[in-house]
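Before any comments, here is the structure.
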There are 2 protein chains.
Amino acid sequence: MVVTIKDIAEKVGVSVTTISRVLNNRGYLSDDLKKKVYEAMEEMNYQPNELARSLSRKKSNVIGLIIPDISHPFFGQMTKHIEFYAYKHGYKLMLCNSLLNKKKEKEYIDLLRASQVDGIIMGSHTMSVKEYMSIKLPLVTLDRQISKSIPCISSDNYSGGILATKLLLRKKCRKIAYLSGNLRLNLLAKQRHDAFIEQVSGEDIGFVVKQTDLNGFKYKEYENLVRQLFEEHPDIDGVFASSDILALQVIKECRRLGKAVPDQVKVVGYDGIQIGGTDDLSTVEQPIKKMGELAVKYLLRQIAGEEIPLETILPVKLLEKGTT
Amino acid sequence: MVVTIKDIAEKVGVSVTTISRVLNNRGYLSDDLKKKVYEAMEEMNYQPNELARSLSRKKSNVIGLIIPDISHPFFGQMTKHIEFYAYKHGYKLMLCNSLLNKKKEKEYIDLLRASQVDGIIMGSHTMSVKEYMSIKLPLVTLDRQISKSIPCISSDNYSGGILATKLLLRKKCRKIAYLSGNLRLNLLAKQRHDAFIEQVSGEDIGFVVKQTDLNGFKYKEYENLVRQLFEEHPDIDGVFASSDILALQVIKECRRLGKAVPDQVKVVGYDGIQIGGTDDLSTVEQPIKKMGELAVKYLLRQIAGEEIPLETILPVKLLEKGTT
DNA sequence: ATGAAAGCGCTAACAT
DNA sequence: ATGTTAGCGCTTTCAT
C-alpha cells in the first residue's frame, strides 16, 4: 500500500494532526519533532495526496485553460507562458482544446468545474454571453470581452489594424485585401478588420475582405482562401493577413504565381509568432508573453478574492520587415 | 453552499448510496427512482465532485503529459492529438512543460504523482534511466527507449535518416551537412544522425555534422548555428536538418546569402509538421497523429492492467517537395 | 505544543 | 431494490 500521513504518525509516535501540521508548517512545532517527521517521510518515501488535500481544503491549485487549438503557434506560445507562470505560483494546468466545437467547450467547462479547478482561462469563445455568465468560477478571458464583469486580457487590436493598414498605404498599395478567419466569432480580433475598413474607406483605394467560413484552423482551408483571393483579384498589390500563419500562405501563393514580394505584392501579418519562416515577415506583434502572464496573474488574484482590472489592453508593435 | 449528493438524497428521500448508484448506474434502480433523482439533480443544479470521486475510487482519470516545449510545433501537434484521444476516453490532461530543465521535470513527476494521475506520457527526457525506473506509475515514453520494461512509442528514425540522406545523394549533392539539436540527449532521434553517417561514409562525399549545445529550442540559437555552418562551409550543397523548424532556418539563411534552393543548396527537413511555410519543404514525415493516439491507447491499457507492446516503431514517409 | 474527532463528497462492501 | 457503515487521505476546529 501507499504510505499515508497515518503511517508516518505511527512511525514517529504522534498523531496525524501533528504530521499534518508539520506538512503545512502551521502552529508551534519543535525543531526536534520536525526533523523526526521529515526523516520518517524520507525513509518511508512518503508523498502527500493532493486529491485528499484539495478535497479537504476546497482548493485544488489547478487552473483550466480552454483554447481552440494548441497546435496553432499563437496558442502554443501563449500556453507556454501560461504554464510557466502557473507553475511558478504552484498551480497545475489542465489543458482543454475546444477545436472551436461548442459542445466540447461546454463539456469541458462542466468537467473543469467538476474537477474543482480554482479558475479558468478562456481563450476559446463559441458559447453565448449568457452561458459564460453562468460559469460562476473565477474566470479570465483572452481576446473576447464577454461582459463588463468578466476580466479580459487582450492587446490593442484596433491600433494593430491601423498600423498594418497604414503601412500598406504608406507603401503605395493600390488594392488591398484583408484576410482573416471567421469574423462572426465576436472576438476582439474583429477590430483589426474594423480599423482596416476605416482606413481604406477614406482613401482612393481598392479593397476586398475575405474570411474563412470555418471555425477551425485548417491549413488546407487557408490555402484555398488565398488561392481564391488571387484568382478573383489578380490586381491585389497589398495583403493584410490577420495572422502570421495566413500571411505565410499568402507569401507561398505569391511565390507559386510568380508574384514578387514585396515588389509586386506587399504582405503584412499579425501576431508576431516566433517560428522559423516568420523572421522576415512584416507583422503586428502581440505581447503574447505579457498576455499569458497577466492572464495567470489576474486569475490568481481573483481566486484570492482580490479586485482586478476588468479590461486590460496591451500595446502592440509594428515590425517592419522584408515583406513590405 | 455547493449542492452535494447528500442534498439530493434528502430531497428525493433516499440514502446517499442510492444517489451514488444512479450516478454510476450500478445495481438495480427502478426507472421511477432514476427519473426522480435526475430531476432533483437538474433542479438543484448538482455537479458531482470529481475530487471526492477520485479519492474514493483511487482513480483520477487524469493523465500527465511532460514535454519539452508546447510552443514547438512538433509537440503542439502531438499534444493536440493526445488531448483528443484522452478526452475521447474520458481522461483529462495535465500539461507539463519541462523546458528540458532536469529539476522541473523531476518536480513535475512528483507533482503528478501527488496529484494521483493515473499515468504519464513522457516526451521530455533529461533524467537518468534509474530515475525513470523509480517512477512506479503507468508510463509511456515518446522517442526514448528508457528500458526494456517501459513502453516506448516512436517512429522509424533510422529509416528516416536513410531516406533523407539518400535523397540528397540521389540529387547529386557533393557536400552534405547534418544539422540537429543536442545529440547527447539519448533520444531515438540520434538514429537519424547514425543513419546519415552510415550513408555518407561509404560514398566519396564531403560531410559535416553540426549540433546546438543547448537543450532548449531557441530560434536564435538555431539561427546562429545555421549561419556558422555556411560561414565555415560555404561549399555545402545539401543539408539534412533534423527538424522542419531547423530546415526553415536553413532556407532563410540561403535566401540571405543569395544561394538558390534547391539549385545551389538542397534542403530536407524532418517531422512533417503542418504549418504555413513548410508546404514546399522536402521532409521525412513522422506519423504524429498515430503516435499520439498510440501513446494514449497504450497508457490507458496499461492503467487497465493489460499487456501492451514495449516497443512500437511506426513507419515514416519521405515527402519530396520543392527544396530538393 | 499536541491530540481527538468531525468532516470534505463520494464509493463500496455488507446487510436486508 | 435500497440502506448502513466504514472508509479514501488529509485538514481543522476545539480541547487539553
Side-chain angles (χ1 to χ4, degrees), chain A residues 1-38 40-41 44-62 90 110-118 137, chain B residues 1-38 40-41 44-62 90 110-118 137:
Chain A
M1 262 314 286
V2 163
V3 182
T4 75
I5 215 181
K6 198 177 157 197
D7 301 315
I8 306 291
E10 278 166 10
K11 172 140 190 156
V12 179
V14 293
S15 75
V16 292
T17 313
T18 306
I19 305 298
S20 172
R21 278 207 186 91
V22 354
L23 214 51
N24 298 288
N25 207 9
R26 267 196 245 297
Y28 311 85
L29 295 319
S30 73
D31 285 354
D32 181 52
L33 176 74
K34 275 196 205 173
K35 192 164 155 254
K36 276 202 290 192
V37 172
Y38 285 132
M41 285 179 175
M44 303 182 76
N45 196 19
Y46 169 75
Q47 301 258 180
N49 183 329
E50 284 296 329
L51 245 38
R53 279 189 143 171
S54 300
L55 179 62
S56 173
R57 284 193 189 142
K58 292 177 166 296
K59 177 146 190 330
S60 65
N61 273 42
V62 174
D110 284 340
L111 207 52
L112 289 176
R113 195 205 322 278
S115 301
Q116 312 298 116
V117 299
D118 295 334
L137 220 57
Chain B
M1 261 313 287
V2 163
V3 183
T4 73
I5 214 182
K6 198 176 159 199
D7 302 313
I8 306 290
E10 277 167 12
K11 170 139 190 154
V12 179
V14 292
S15 75
V16 293
T17 313
T18 306
I19 306 298
S20 172
R21 278 204 186 95
V22 355
L23 214 52
N24 298 289
N25 207 7
R26 267 197 245 296
Y28 311 85
L29 294 321
S30 75
D31 286 354
D32 181 53
L33 176 76
K34 274 195 205 174
K35 194 164 154 256
K36 277 203 290 194
V37 172
Y38 285 132
M41 286 179 174
M44 305 183 73
N45 196 19
Y46 168 77
Q47 302 258 178
N49 183 327
E50 283 296 329
L51 246 40
R53 277 188 144 171
S54 300
L55 179 62
S56 172
R57 283 193 189 140
K58 293 177 165 295
K59 180 149 188 329
S60 65
N61 275 41
V62 174
D110 284 339
L111 207 52
L112 289 177
R113 196 206 320 277
S115 301
Q116 312 298 116
V117 299
D118 294 334
L137 217 56

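Keep in mind that the numbers below use all heavy atoms, side chains included, and drop hydrogens, waters and symmetry copies. A note on names: the letters A, B, ... follow the listed sequences, proteins ahead of strands, and every chain is numbered from 1.
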**Closest-nucleotide ordering on DNA chain D, the 5'-leading residue of B:L29 and B:L55** =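 It is B:L29 whose nearest nucleotide is closer to the 5' end.
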
Could you give the [atom1]-to-[atom2] distance, from [X] to [N], as a whole number of Å?
X	N	atom1	atom2	value
B:D7	C:dG9	CG	P	9 Å
A:N61	D:dC10	CG	P	16 Å
B:I5	C:dC8	CD1	C1'	13 Å
B:E10	C:dC10	CD	P	13 Å
A:K6	D:dC8	NZ	P	7 Å
B:L51	C:dT11	CG	C1'	15 Å
A:L23	D:dT11	CG	P	6 Å
B:E50	C:dC10	CD	P	10 Å

**Asked** Taking atom CG of B:N61 and atom CD of B:E50, what is their separation to the nearest 0.5 Å?
**Response**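 Between B:N61 CG and B:E50 CD, I get 7.0 Å after rounding to 0.5 Å.
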
Would you say a side-chain N or O of [X] is under 4.0 Å from OP1 or OP2 of [N]?
X	N	result
B:Y46	C:dC10	yes
B:K58	D:dG9	yes
A:T4	D:dG9	no

**Message:** Under the salt bridge (Lys or Arg N to Asp or Glu O under 4.0 Å) definition, can you give me all pairs with a residue in residues 19-31 of chain A, not counting sequence neighbours?
**Reply:**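 Of all non-adjacent pairs touching residues 19-31 of chain A, none passes salt bridge (Lys or Arg N to Asp or Glu O under 4.0 Å).
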
**Asked** Which residue pairs pass the salt bridge (Lys or Arg N to Asp or Glu O under 4.0 Å) test with at least one member in residues 5-18 of chain A, sequence neighbours excluded?
**Response**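 Qualifying pairs, neighbours excluded: A:K11-A:E43.
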
**Asked** Per the side-chain contact (heavy atoms from CB on, under 4.5 Å) rule, which among B:N45, B:I8, B:N49 passes with B:V3?
**Response**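 Answer after filtering B:N45, B:I8, B:N49: B:I8.
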
**Request:** Using side-chain contact (heavy atoms from CB on, under 4.5 Å) as the criterion, point out the one residue from A:T17, A:V16, A:T18 that pairs with A:V14.
**Result:**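 That would be A:T18.
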
**Options D:dC10, D:dC8, C:dG3, nucleotide nearest the side-chain atoms of A:T18** =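 The listed nucleotide nearest to A:T18's side chain is C:dG3.
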
**Message:** Side chain of A:R53, heavy atoms from C-beta onward: which of C:dC10, D:dT11, C:dG3 has the nearest atom to it?
**Reply:**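 That would be D:dT11.
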
**Prompt:** In residues 30-38 of chain B, which ones come under 4.0 Å of DNA chain D, going by heavy atoms?
**Reply:**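 By residue number: B:S30, B:L33.
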
**For B:S56, all residues meeting side-chain hydrogen bond (donor to acceptor under 3.5 Å, both in side chains), sequence neighbours excluded** =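 None.
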
**Prompt:** Can you name the closest pair of heavy atoms from B:V117 and B:S60 and give their distance?
**Reply:**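 Heavy-atom minimum between the residues: CA-OG, 3.5 Å.
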
**Asked** Looking at B:L23 and B:Y46, what are the two nearest heavy atoms and their distance?
**Response**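 So the two residues come closest at CD2-OH, 3.7 Å.
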
**Request:** Not counting sequence neighbours, which residues clear salt bridge (Lys or Arg N to Asp or Glu O under 4.0 Å) with B:K35? List them please.
**Result:**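 Scan of B:K35 (salt bridge (Lys or Arg N to Asp or Glu O under 4.0 Å), adjacent residues dropped) gives B:E39.
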
Show the distances under 3.5 angstrom between N or O atoms of the protein and N or O atoms of nucleotides 12-16 of chain C.
from, atom 1, to, atom 2, distance (Å)
C:dA12, OP2, B:R26, NE, 3.4
C:dA12, OP2, B:R26, NH2, 3.1
C:dA12, N6, B:T17, OG1, 3.1

